[in-house]
Peer 1: 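Attaching a single structure in C-alpha cells format; questions to follow.
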Number of protein chains: 2
Amino acid sequence: MAEFAALIGISRPTISKYFNDPDSVRSSTRDRIEAALKQYDYRPNIYAINQNRRLTKTIGIVVPYLADPFFAEIARMLERRCITAGYTPSLFSSHGEQSLENAILDNLRALKPAGVLLAPLGRTSDRKHIEAFCRDVPTILFDSNIEGVGAAFVGSDNFSFVSQTVEYISRTGHTPCFFEMKNPANPNANKRRLAYLEIMGRLSLEPYVIQIEGEGWSFEEIGRQGALKILHDKALPTNAVLCSNDRLAIGFLSACHEMGISVGREEKCEIRVASHDDHPYARYTCPSLTTAAHDYESVSEHALSALFQLIEAGGRLATREEKLFTARLVMRDSA
Amino acid sequence: MAEFAALIGISRPTISKYFNDPDSVRSSTRDRIEAALKQYDYRPNIYAINQNRRLTKTIGIVVPYLADPFFAEIARMLERRCITAGYTPSLFSSHGEQSLENAILDNLRALKPAGVLLAPLGRTSDRKHIEAFCRDVPTILFDSNIEGVGAAFVGSDNFSFVSQTVEYISRTGHTPCFFEMKNPANPNANKRRLAYLEIMGRLSLEPYVIQIEGEGWSFEEIGRQGALKILHDKALPTNAVLCSNDRLAIGFLSACHEMGISVGREEKCEIRVASHDDHPYARYTCPSLTTAAHDYESVSEHALSALFQLIEAGGRLATREEKLFTARLVMRDSA
DNA sequence: ATCATTTATTGACGCGCGTTAAAAAAATAT
DNA sequence: ATATTTTTTTAACGCGCGTCAATAAATGAT
C-alpha cells in the first residue's frame, strides 16, 4: 500500500481511508485512486485489514456438514447475499465433528469477522465452547437452535412442517407413521417427533414411531438399511410413511424400489412416503418426493438481516429473538 | 503471545519457536509451555502467523461449485487429509462464476497458503488470471485440467470412464447413445464425448450424440428437461442411454419415471441408462445408477501428496505431471 | 572445575495494514 | 483577499505475530 501510495503521489492514510469507504475522500482524489487501481493491480490484503479494523467486512458462515446438499444450498445462498451486501463470506464445515467445530470457532475468532452465522452440530456440539465464542463474536444461530446461545436464532418451524404433512396424509385417507433415526444429532428431529405425536393426538389418531439404528451423517444409507429391515419384516404399521427428513426418505424410496414396492399417492400404489426439508434432490427422486419445504430464501435473508442488525447494534441485542419460518407443503408423486 | 510468555516466564521468541515446531525447544521448556497451554487458553492467531511466516501451514482448496455433492464430497476428503497432515485447510467455492473464482484467488494470495488445490470452473475460467496466480502460489490443479497451468494436474482418465461404460453396454447387447449438454462448462465433458466417438469407432458401432440445451449448474433439471423432450418426441436413437455425468442421469431417470418408461438391465425394461462419476447419490436413484466411479480416494490422496511434494520442492517442479486415475465400473440396476 | 556446546533471552526490525493527532494544503464562503 | 471549512499529509504507534543477531544462561563432556 505504501508503494502504491508513493507511486500515485497520494498518502497512505488517504488510500487506506479510500478502501474503508470510497465516499470518504474527495471525488477528485477518488478518481485518481481508481484510475491508478486500473493501471496497477494493487489489492489490499484482507487478512491484514481484519487484523486491525475495529469492524471488518468479513462474515463467517459455519455449517455442520457441507457434503449435505441442504447445507451446501443454504450456504450458497448466504454467501451470495453476503457478497451482494458488500461483505466477504468465509465458509467452514464442521464435517460432523465436535473437535472441528471448536477449531473452526477458534480460527474464526482470529479472523475477527464482523459477525458469524452458525449452524451448530446440535446434540454433539460443545455448548460451553460455543457459548464462549458467542460472548466474543456477534453470532446468529440458524438451522439448529441451542437455547440461550447466540444473539438470535433463525430457523424453520418444525411444528408447521409436520402438521402440514400429517394433515395432508390423514386428510387424503391414510394414517402416517413416523420414520426416524433413534439418536438424531439434529435437535430439529426431536421437535419433529414431538410435533408428530402432538398432531396425531389432536386428530385422535394412533401414532406410530419407527426408530432405526444408525450413527453419523450418511442418512440415505441409514434410511435405506432401516427401511429394508422394516419392509422385510413386514413391520410397517401403516401404509403411509412420514420420514423425519428427505435424506432418510431418499434411502427409504431406494429400499422400496429394491424390494419392488410401489410408492405413490395413486390407488394402485402400496405405500405413500412423505418427508420434510425439500432437499435439492427431492424433485428428482422416483417417484418425486412429497415434502414440506423450508423457506430457504426467507431463512437466508432473515438470518443475514438479523446479523446486520446485530452488527449495527454493536454486537448486542436487547432480547434473543427466535424467528421461525413456516413450511410450505410440496405435493409431488410419492404421497 | 507476549502476555502469555510473560505469564509463564518464557521469552516470546521461544514460544513462537515452540508453535513453529514443538521439537525445536528443550523438552523441559516444552513441558512448561504445554502445561501453561492447558491452564490458560491461549491460541496463536493463524492469520497473523500467515502474514509473517515464509512457509505457512495453510492449504487453500477451491472448487467450482460446492452445492454439487461431487465437489462437496471431494472437498471433504481433501480437508480431512489436510488436517491429518497437520495443515489448516481453507475451502472456497466459485459458485460457477468467473468473477468469484478470480476474487477467491486474490484472497488466497493474501492468505499466503503453503499451497493450493484448485479445481477451476473450466471453460468459463479466466485463464490469464489463473496463470498469474499459479506463478505466485504453488498450485495443483484437479478435476478440470487447464493445459500448462499449475504445477501438476490430478484427475480422472475420461477415456477409461467412457470405454468401460460403452464396452459394458455394448457387450451386454445394446448400443449406447451419448447424452450431454450442448455447451458443457467442464472440459471433462468434451473429453468424454470424444472418447465415446473414438470407442464406438473401434467397436464399429454407429455413434449417436444427443446434445441438449441448458446453461448453468442445475444439471438434474437440465437433464430432466432434455430427457422429457427427447422421450416425448420418441427421438431416442437407441434403447441404451449413456449420460455424460450422473447429475444429468439423475434428471434423465426422473423424466423416465415421470413418463412411465421402465429403466433397467432386465429384459422387461424399455431402456438402460448408465453414466459417469459415481455421484454420492447414484446408489440411491431408482433404479440405482450404473456408472463409472471416480477413484475419489486416490485422486484426493494423490492431489495432496503432489502438493506436499511441490511445497517441499520450494514451489517449482521440473516437469508438469498429469496424473489420471482409471475409472471403476459400478454395475447397478439401471443398465 | 573448566571449556565447549546447546538452548534461551534481549532487543530490534519487519509484515501489511488501521488509526490518530497535529500540521499543512486545498477548496469554499464571505 | 481573507476567513472558514474540508481534505490531505506527516509522523507515529499499534495489531499479533515471525525472524534474526548478539548475548546470556544452562547443560554436558572432560
Side-chain angles (χ1 to χ4, degrees), chain A residues 1-37 40-58 87-88 90 106-114 136-137 311, chain B residues 1-37 40-58 87-88 106-114 136-137:
Chain A
M1 186 183 268
E3 270 182 57
F4 177 73
L7 210 59
I8 61 176
I10 290 180
S11 74
R12 193 176 64 77
T14 303
I15 307 285
S16 172
K17 205 151 174 289
Y18 166 83
F19 278 113
N20 191 6
D21 174 13
D23 290 334
S24 69
V25 302
R26 205 179 359 218
S27 65
S28 61
T29 322
R30 186 164 55 242
D31 293 345
R32 279 171 64 200
I33 296 177
E34 277 162 6
L37 239 30
Y40 315 97
D41 69 330
Y42 167 74
R43 288 196 31 138
N45 181 320
I46 192 176
Y47 301 99
I49 291 174
N50 285 358
Q51 189 166 108
N52 298 302
R53 254 222 265 281
R54 322 170 165 282
L55 210 53
T56 68
K57 279 288 189 181
T58 298
Y87 285 79
T88 305
S90 214
D106 289 340
N107 273 355
L108 266 178
R109 221 189 276 261
L111 188 57
K112 293 185 188 161
D136 297 345
V137 184
I311 291 168
Chain B
M1 185 184 270
E3 269 182 58
F4 177 72
L7 209 60
I8 61 176
I10 292 180
S11 73
R12 193 176 64 78
T14 304
I15 307 283
S16 172
K17 205 152 174 286
Y18 165 83
F19 279 113
N20 192 5
D21 174 15
D23 290 333
S24 70
V25 302
R26 202 185 300 150
S27 66
S28 61
T29 321
R30 186 165 53 242
D31 293 346
R32 279 171 63 200
I33 295 176
E34 276 162 6
L37 240 29
Y40 314 97
D41 68 328
Y42 167 73
R43 292 196 26 141
N45 181 321
I46 192 176
Y47 301 98
I49 291 174
N50 285 358
Q51 188 165 108
N52 298 302
R53 254 221 265 281
R54 320 168 165 281
L55 210 53
T56 68
K57 280 287 189 181
T58 298
Y87 285 79
T88 305
D106 290 339
N107 272 354
L108 267 178
R109 220 188 277 263
L111 188 56
K112 293 185 186 160
D136 297 345
V137 184

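Every chain is numbered from 1, with letters handed out A, B, ... down the list of sequences. All values below were derived from every heavy atom in this structure, side-chain atoms included, with hydrogens, water molecules and symmetry-related copies excluded.
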Peer 1: Mapping Ala2(A) and Arg54(A) onto DNA chain C by nearest heavy atom, which one lands closer to the 5' end?
Peer 2: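 By nearest-heavy-atom nucleotide position, the 5'-most residue is Ala2(A).
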
Peer 1: Can you confirm whether Tyr18(A) sits close enough to Leu37(A) that some side-chain heavy atom of one is under 4.5 Å from a side-chain heavy atom of the other?
Peer 2: yes

Peer 1: Is there a side-chain polar atom (N or O) of Lys112(A) under 4.0 Å from OP1 or OP2 of dG16(D)?
Peer 2: yes

Peer 1: Grab the CG-C1' distance between Asp21(B) and dG18(D) for me, whole Å please.
Peer 2: 15 Å

Peer 1: Which whole-number value in Å describes the distance from Leu111(A) CG to dG16(D) C1'?
Peer 2: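 Those two atoms, CG and C1', are 14 Å apart.
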
Peer 1: Without decimals, in angstroms, what is the distance between Lys57(B) NZ and dG18(D) P?
Peer 2: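 Computing the Lys57(B):NZ to dG18(D):P distance gives 14 Å.
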
Peer 1: Identify, between Ser24(B) and Ala48(B), the residue whose nearest nucleotide on DNA chain C lies closer to the 5' end.
Peer 2: Ser24(B)

Peer 1: Indicate yes or no: at least one non-hydrogen side-chain atom of Thr14(B) is less than 4.5 angstrom from one of Ser11(B).
Peer 2: yes

Peer 1: Nearest to the side chain of Gln51(B) - dG18(D), dC17(C), dG16(D)?
Peer 2: dG16(D)

Peer 1: Any idea which of dG18(C), dG18(D), dA8(C) is nearest the Met1(B) side chain?
Peer 2: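 The answer is dG18(D).
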
Peer 1: Rounded to the Å, how far apart are Ile49(B) CD1 and dG14(C) P?
Peer 2: 21 Å

Peer 1: Tell me whether the OP1 or OP2 atom of dC17(D) has a side-chain N or O from Tyr42(B) closer than 4.0 Å.
Peer 2: yes

Peer 1: Looking across every strand, which nucleic acid part, if any, lies under 4.0 Å from Arg30(A) by heavy atom: base, sugar-phosphate, or nothing?
Peer 2: nothing

Peer 1: Go through residues 5-13 of chain A and report each residue with a non-hydrogen atom lying under 4.0 Å from DNA chain D, sorted by number.
Peer 2: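 Output list: Gly9(A), Ile10(A), Ser11(A), Arg12(A), Pro13(A).
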
Peer 1: What is the distance, to the nearest angstrom, from the CZ atom on Phe4(B) to the C1' atom on dC17(D)?
Peer 2: 14 Å

Peer 1: Using a heavy-atom cut-off of 4.0 Å across all strands, would you classify Arg32(B) as base, sugar-phosphate, or nothing?
Peer 2: nothing

Peer 1: Report the distance from atom OH of Tyr18(B) to atom C1' of dG18(D), rounded to the nearest whole Å.
Peer 2: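 To the nearest whole Å, that distance equals 17 Å.
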
Peer 1: What is the ring orientation for Tyr40(A) with Phe4(A), classed by angle as parallel under 30°, tilted 30 to 60°, or perpendicular over 60°?
Peer 2: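 Tyr40(A) vs Phe4(A) ring planes: perpendicular.
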
Peer 1: Asn20(A) side chain N/O closer than 4.0 Å to the phosphate oxygens (OP1, OP2) of dC17(C)?
Peer 2: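 For dC17(C), OP1/OP2 do not have a side-chain N/O of Asn20(A) under 4.0 Å.
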
Peer 1: For Asn50(A) and dC17(C), what is the distance between atoms CG and P respectively, to the nearest whole Å?
Peer 2: 12 Å

Peer 1: More than 12 non-hydrogen atoms from neighbouring residues, nucleotides or ligands closer than 6.0 Å to CG on Asp41(A), yes or no?
Peer 2: no

Peer 1: Does a side-chain N or O from Arg26(B) land closer than 4.0 Å to OP1 or OP2 of dT7(C), or not?
Peer 2: no

Peer 1: Would a 4.5 Å heavy-atom cut-off, applied to side chains only, mark Thr58(B) and Lys112(B) as touching?
Peer 2: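 SC-SC contact between Thr58(B) and Lys112(B) ruled out.
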
Peer 1: Has Thr29(B) got a side-chain N or O lying under 4.0 Å from the OP1 or OP2 atom of dA8(C)?
Peer 2: yes

Peer 1: Does Ile15(B) reach the side chain of Ile10(B), with side-chain heavy atoms less than 4.5 Å apart?
Peer 2: yes

Peer 1: Evaluate the side-chain proximity of Leu111(B) to Tyr47(A): yes if any heavy-atom separation is below 4.5 Å, no if none is.
Peer 2: yes

Peer 1: Using atom NZ of Lys17(B) as one end and atom P of dT6(C) as the other, report the distance to the nearest whole Å.
Peer 2: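 Distance, rounded to whole Å: 13 Å.
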
Peer 1: Hey, does the side chain of Thr14(A) come within less than 4.0 Å of dT8(D)'s phosphate (OP1/OP2), counting only N and O?
Peer 2: no

Peer 1: Please determine whether a side-chain nitrogen or oxygen atom of Arg53(A) lies at a distance below 4.0 Å from atom OP1 or OP2 of dG16(C).
Peer 2: no

Peer 1: Could you tell me whether the phosphate oxygens of dG18(C), OP1 or OP2, come under 4.0 Å of any side-chain nitrogen or oxygen in Ser16(A)?
Peer 2: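 Checking dG18(C) against Ser16(A), a side-chain N or O does come within under 4.0 Å of OP1 or OP2.
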
Peer 1: Side-chain contact, heavy-atom cut-off 4.5 Å: Ile46(B) with Lys57(B)?
Peer 2: no

